[in-house]
Number of protein chains: 2
Amino acid sequence: MTKKVTIKDIARELNTNYSTVSRALNDSPKISDATKQSVLKQAKLMGYQPNSFAQKLKKGYSNTIGLIVPRINRVFFSNVIHGVETIAKQQGFNVIICQSNESVKDEEDNVKTLLSNNVAGIIMSISKETQNESSFQEILTNKIPFVMFDRALNNLVSNQVVNNNFKGAYEVTEHLIKQGYQKIIHFSGPLYINIYQDRLNGYKKALADYQIAFNPDFIIENTLTKDKGIAAVEELLKQKVDFDAIFASGDYSALGAILCLRQHHILVPEQVGVAGFANEPFTELLDITSVEQFSTEMGKSAASLLLEKVQRKEISDQYQNIEILPQLIIRKSTQKL
Amino acid sequence: MTKKVTIKDIARELNTNYSTVSRALNDSPKISDATKQSVLKQAKLMGYQPNSFAQKLKKGYSNTIGLIVPRINRVFFSNVIHGVETIAKQQGFNVIICQSNESVKDEEDNVKTLLSNNVAGIIMSISKETQNESSFQEILTNKIPFVMFDRALNNLVSNQVVNNNFKGAYEVTEHLIKQGYQKIIHFSGPLYINIYQDRLNGYKKALADYQIAFNPDFIIENTLTKDKGIAAVEELLKQKVDFDAIFASGDYSALGAILCLRQHHILVPEQVGVAGFANEPFTELLDITSVEQFSTEMGKSAASLLLEKVQRKEISDQYQNIEILPQLIIRKSTQKL
DNA sequence: TGTATTTGTGCAAACGTTTGTATTAAATAT
DNA sequence: ATATTTAATACAAACGTTTGCACAAATACA
């Protein structure tokens with residue numbers, strides 16, 4: 001580990017004072033162009049790299065923001081991270097990424113780490129375990145800018161960037177109806193999670209708007225995995241339920257449904273239309289209708305919102321609530337016409 | 001932003017010197033238990049958070065490592081990140097993640113950022129553009145521990161964690177042969193990239209070992225996308241090439257091949273067996289034989305290796321080369337028997 | 001009782017910057 | 001020519017820690 005070059009070294013070499021070097025490097029108007037040139041040249045020559053700790057210590061703030069996600073290696077979240085990174089970098093900020101592993105305890109640790117790293121602000125999506133703000137109370141009391149995305153606490157007023165799940169579900173259902181499907185099954189996720197509740201509501205509203213009676217038996221609540229999708233269709237067929245479409249609140253269960261239908265030689269979309277939700281990469285590959293959630297956009301929005309707050313040092317009680325409009329992606333699996 | 005509590009504040013409150021407070025917080029043996037107690041109590045009371053910049057400045061090193069990947073939101077890389085994070089956290093290190101966006105220039109910027117953040121070491125996978133070490137020369141001259149993973153420069157001696165692509169390809173091919181396939185097409189990626197070259201070599205070796213003549217016409221070099229896979233099969237059928245299996249060096253092109261074959265009512269695996277490489281999530285969903293690369297393990301290995309170097313401050317010329325053994329995942333798409 | 005040792009604490013320098021103020025030299029005004 | 005302003009640079013303090021050294025009090029040893 002060779003000794004680091006400091007501004008003092010440069011100053012010594014140039015027979016000048018290190019404050020001059022500092023100002024020259026920061027392009028201060030008090031320094032003549034000639035010296036700026038020579039300092040810059042010498043700095044490059046000696047391979048000078050500013051010591052960011054010293055800078056941050058002196059300045060009292062860092063150009064770093066924190067990002068807490070439940071899991072880094074999930075398509076949705078890695079896209080959000082990508083979005084956050086993009087905006088942050090544009091504005092000269094670094095991002096420290098933490099994962100909570102869906103655990104409240106880890107979440108709390110992450111918050112501590114970020115705070116002692118003096119981040120300028122924090123963006124987070126809470127873990128599935130998180131029921132209240134105790135794990136990130138310190139953010140709130142420390143009063144640094146804070147933005148929640150996707151999953152948020154509904155009883156906590158804060159800056160938020162969330163999806164309009166209601167609308168997404170409404171559009172899927174509407175599309176199915178317009179394609180001529182009438183008996184639409186809905187695979188829902190656990191209804192205590194608000195996003196699934198919202199989607200169910202969107203589905204109901206669309207039915208109502210098109211004068212289709214809502215049938216509670218058509219709601220199948222499960223965990224939306226591929227296997228649950230298969231099992232659900234298997235059961236429907238066994239019970240000889242009369243249906244002509246499935247709107248699954250998650251892509252994996254939509255896939256399962258399709259695989260099972262195909263197994264039974266039931267044509268998709270001709271006999272049964274199937275749509276998912278989330279626009280997982282495989283839906284494109286398999287031509288499954290789904291709903292794009294613009295995860296990268298969500299990350300960008302969250303970062304923009306946070307950095308706006310950071311820049312103007314406004315920790316006001318003015319909270320902002322940004323809604324991302326999802327987009328229906330129509331593919332073969334629902335195109336009967 | 002409330003004023004931060006410092007050790008001086010604590011010292012003042014306790015009518016003692018701040019050096020005593022510092023030592024007490026660091027559990028120095030020179031401090032009596034009584035004072036330690038009272039300091040700790042007071043620190044908690046006042047909500048003290050150490051200023052990590054001051055600490056890092058003073059200590060001259062940080063418990064942070066840098067990670068540069070081409071893209072954060074790729075399944076492979078996000079898994080690697082996950083692995084790195086896991087090990088780093090275990091050992092009390094933070095990770096700063098950067099993405100090069102497959103650009104040499106960004107790569108260079110990332111290196112600069114990381115170095116000025118005084119990271120203790122750097123893990124990276126080079127961009128597709130990167131042909132030599134110029135973009136990260138500074139790491140080498142600064143002599144901080146450095147580990148490359150997956151993509152590495154073949155003419156640069158360094159610590160590496162790479163996949164044994166040769167073996168992976170060999171096993172796929174061997175498996176196909178053992179299933180009774182004899183006329184095996186190989187979709188290869190660009191052969192100037194070493195991983196594809198390695199896979200091709202593995203394929204050739206397996207053929208040789210099982211006394212199957214190598215037919216150069218069976219090698220189709222493209223970019224391994226879904227569309228290229230479709231196009232390639234379309235062409236094979238048009239040319240009436242006699243083949244009974246396809247080993248694609250990437251999963252997407254394997255998928256394309258399957259979709260195209262299905263379109264032409266050719267049964268997979270009965271008439272044609274198809275295998276991919278990388279074990280992308282969708283291969284499991286669609287039952288496509290592929291090769292697992294243990295990306296999370298790769299991240300863990302890279303992090304362990306780096307941290308080992310970091311801990312013992314050994315920047316010796318002793319480089320380590322860790323090989324990850326890939327695993328053939330046999331699924332329906334190649335199970336003729 | 002006096003000296004040596006241990007134990008705990010205080011003092012002050014240092015890490016590498018930024019930045020307010022002082023100083024000098026040059027340029028302009030009187 | 002001298003006084004005044006301006007421009008460029010130098011000096012020094014500060015950011016919040018860690019840590020070597022000095023010191024005082026308490027204990028041990030002779």
Side-chain angles (χ1 to χ4, degrees), chain A residues 1-40 42-43 46-64 92 94 115-120 142, chain B residues 1-40 42-43 46-64 112-113 115-120 142:
Chain A
M1 202 116 31
T2 46
K3 200 73 172 40
K4 280 272 187 180
V5 179
T6 72
I7 51 172
K8 296 199 181 184
D9 298 326
I10 299 177
R12 194 179 318 112
E13 212 63 30
L14 257 41
N15 278 315
T16 179
N17 189 275
Y18 57 90
S19 66
T20 303
V21 174
S22 170
R23 279 188 247 260
L25 290 171
N26 288 310
D27 202 26
S28 155
K30 315 200 97 181
I31 300 294
S32 70
D33 284 349
T35 26
K36 278 183 193 172
Q37 293 297 326
S38 71
V39 166
L40 252 42
Q42 185 67 22
M46 301 176 72
Y48 170 74
Q49 280 287 338
N51 181 317
S52 70
F53 301 144
Q55 290 180 319
K56 289 169 184 168
L57 173 60
K58 189 71 203 52
K59 291 194 186 165
Y61 62 84
S62 78
N63 53 341
T64 303
N94 292 320
L115 289 178
S116 82
N117 272 285
N118 282 322
V119 292
N142 269 34
Chain B
M1 202 112 34
T2 45
K3 200 71 172 47
K4 281 275 188 179
V5 179
T6 73
I7 51 172
K8 296 199 181 185
D9 298 326
I10 300 178
R12 194 180 317 115
E13 212 64 29
L14 256 43
N15 278 315
T16 177
N17 188 275
Y18 58 89
S19 65
T20 302
V21 174
S22 170
R23 280 188 248 259
L25 291 171
N26 288 311
D27 201 25
S28 156
K30 315 201 98 182
I31 300 293
S32 71
D33 282 350
T35 27
K36 277 182 192 170
Q37 292 297 325
S38 72
V39 165
L40 251 44
Q42 185 68 20
M46 300 175 74
Y48 170 75
Q49 280 285 340
N51 180 318
S52 69
F53 302 144
Q55 289 182 318
K56 288 168 184 167
L57 173 60
K58 188 69 202 103
K59 291 195 184 162
Y61 63 85
S62 74
N63 54 340
T64 304
K112 283 213 172 64
T113 303
L115 289 178
S116 81
N117 272 285
N118 283 323
V119 291
N142 270 35

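Treat the numbers as computed from the prediction; the structure is a model and nothing was measured. To find a chain, count down the sequence lines: A is the first, B the second, and so on, and within it residues start at 1.
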key: Residues within residues 9-17 of chain B bordering DNA chain D, heavy-atom distance below 4.0 Å   = none

request  = Sugar-phosphate means primed atoms, P, OP1 and OP2; the rest is base. With that split, encode nucleotides 22-28 of chain C 5' to 3' as B, S or - using protein heavy atoms under 4.0 Å.
outcome  = -------

remark   = By side-chain hydrogen bond (donor to acceptor under 3.5 Å, both in side chains), Ser32(B) pairs with (sequence neighbours left out) Thr35(B)

message = Let's see if you can work this out: which of dT17(D), dG10(C), dA12(D) has an atom nearest to the side-chain heavy atoms of Ser19(B)?
response = dG10(C)

key: Earlier contact from the 5' end, DNA chain C, for Ile31(B) and Lys58(B)   = Ile31(B)

inquiry  = Holding to side-chain contact (heavy atoms from CB on, under 4.5 Å), I want the full list of residues that pass it with Ser62(B), two or more places apart in sequence or in another chain.
reply    = Phe53(A), Lys56(B), Thr64(B)

note = Applied to residues 8-17 of chain A, the salt bridge (charged side-chain N to carboxylate O under 4.0 Å, His left out) test, sequence neighbours excluded, yields Asp9(A)-Arg12(A)

ask   = Partners of Lys59(A) by side-chain contact (heavy atoms from CB on, under 4.5 Å), sequence neighbours excluded?
value = Tyr61(A)

note = Residues passing the side-chain contact (heavy atoms from CB on, under 4.5 Å) test with Ser38(B), sequence neighbours excluded, are Leu14(B)

inquiry  = Side-chain N or O of Ser22(B) versus OP1/OP2 of dT18(D): is the shortest distance under 4.0 Å?
reply    = yes

query = Looking at Tyr48(B) and Leu25(B), what are the two nearest heavy atoms and their distance?
reply = CE2-CD1, 3.6 Å

task = May I have the distance from Leu57(B) (atom CG) to dC15(C) (atom C1'), rounded to whole angstrom?
result = 4 Å

query = With a 4.0 Å cut-off on heavy atoms, is Thr35(B) in touch with a base, just the backbone sugar-phosphate, or nothing at all?
reply = sugar-phosphate

remark   = Closest to the side chain of Asn51(B), out of dT17(D), dT9(C), dT17(C), is dT17(D)

key: Between dT17(C) (P) and Lys56(A) (NZ): distance, integer Å   = 13 Å

ask   = Roughly how many Å is it from CZ in Arg23(B) to C1' in dT18(D), rounded to a whole number?
value = 8 Å

ask   = Does Ser52(B) put a side-chain nitrogen or oxygen below 4.0 Å from OP1 or OP2 of dT17(D)?
value = no

request  = Go through the structure and list residues passing salt bridge (charged side-chain N to carboxylate O under 4.0 Å, His left out) with Lys58(A), not counting sequence neighbours.
outcome  = none

key: Under 4.0 angstrom between Tyr18(B) side-chain N/O and dC15(D) OP1 or OP2   = no

request  = Specify the closest pair of heavy atoms between Gln49(A) and Lys4(A), including all atoms of both residues, with the distance to one decimal.
outcome  = CB-NZ, 4.3 Å

request  = Look at Ser32(B) and dT9(C) and indicate whether a side-chain polar atom (N or O) is within less than 4.0 Å of OP1 or OP2.
outcome  = yes

request  = With heavy atoms under 4.0 Å as the rule, sort Lys8(B) into base, sugar-phosphate or nothing.
outcome  = base

remark   = Residues passing the side-chain hydrogen bond (donor to acceptor under 3.5 Å, both in side chains) test with Asn17(B), sequence neighbours excluded, are Ser19(B)

message = Between P on dT19(C) and CG on Asp27(A), what's the gap in Å once rounded to a whole number?
response = 14 Å

inquiry  = Just to verify, what does Asn26(B) make a side-chain contact (heavy atoms from CB on, under 4.5 Å) with, not counting sequence neighbours?
reply    = Ser22(B)

inquiry  = Could you work out how much the helix from dT1(C)-dA30(D) to dT30(C)-dA1(D) bends, comparing the axis of its first five pairs with that of its last five, to 10°?
reply    = 60°

ask   = Which comes earlier along DNA chain D counting from the 5' end, the contact point of Ile7(B) or that of Pro29(A), where each point is its nearest nucleotide?
value = Pro29(A)

message = Once salt bridge (charged side-chain N to carboxylate O under 4.0 Å, His left out) is applied, what residue pairs with a partner in residues 19-31 of chain B remain, sequence neighbours excluded?
response = Asp27(B)-Lys36(B)

ask   = OP1, OP2 of dT18(C) versus side-chain N and O of Gln55(A): anything below 4.0 Å?
value = yes

query = Over how many whole Å does the gap from Asn118(B) atom CG to dT17(C) atom C1' extend?
reply = 13 Å

ask   = Any side-chain heavy atom of Thr6(A) within less than 4.5 Å of one from Asn51(A)?
value = no

query = How long is the line joining NZ of Lys36(B) and P of dT9(C), in whole Å?
reply = 10 Å

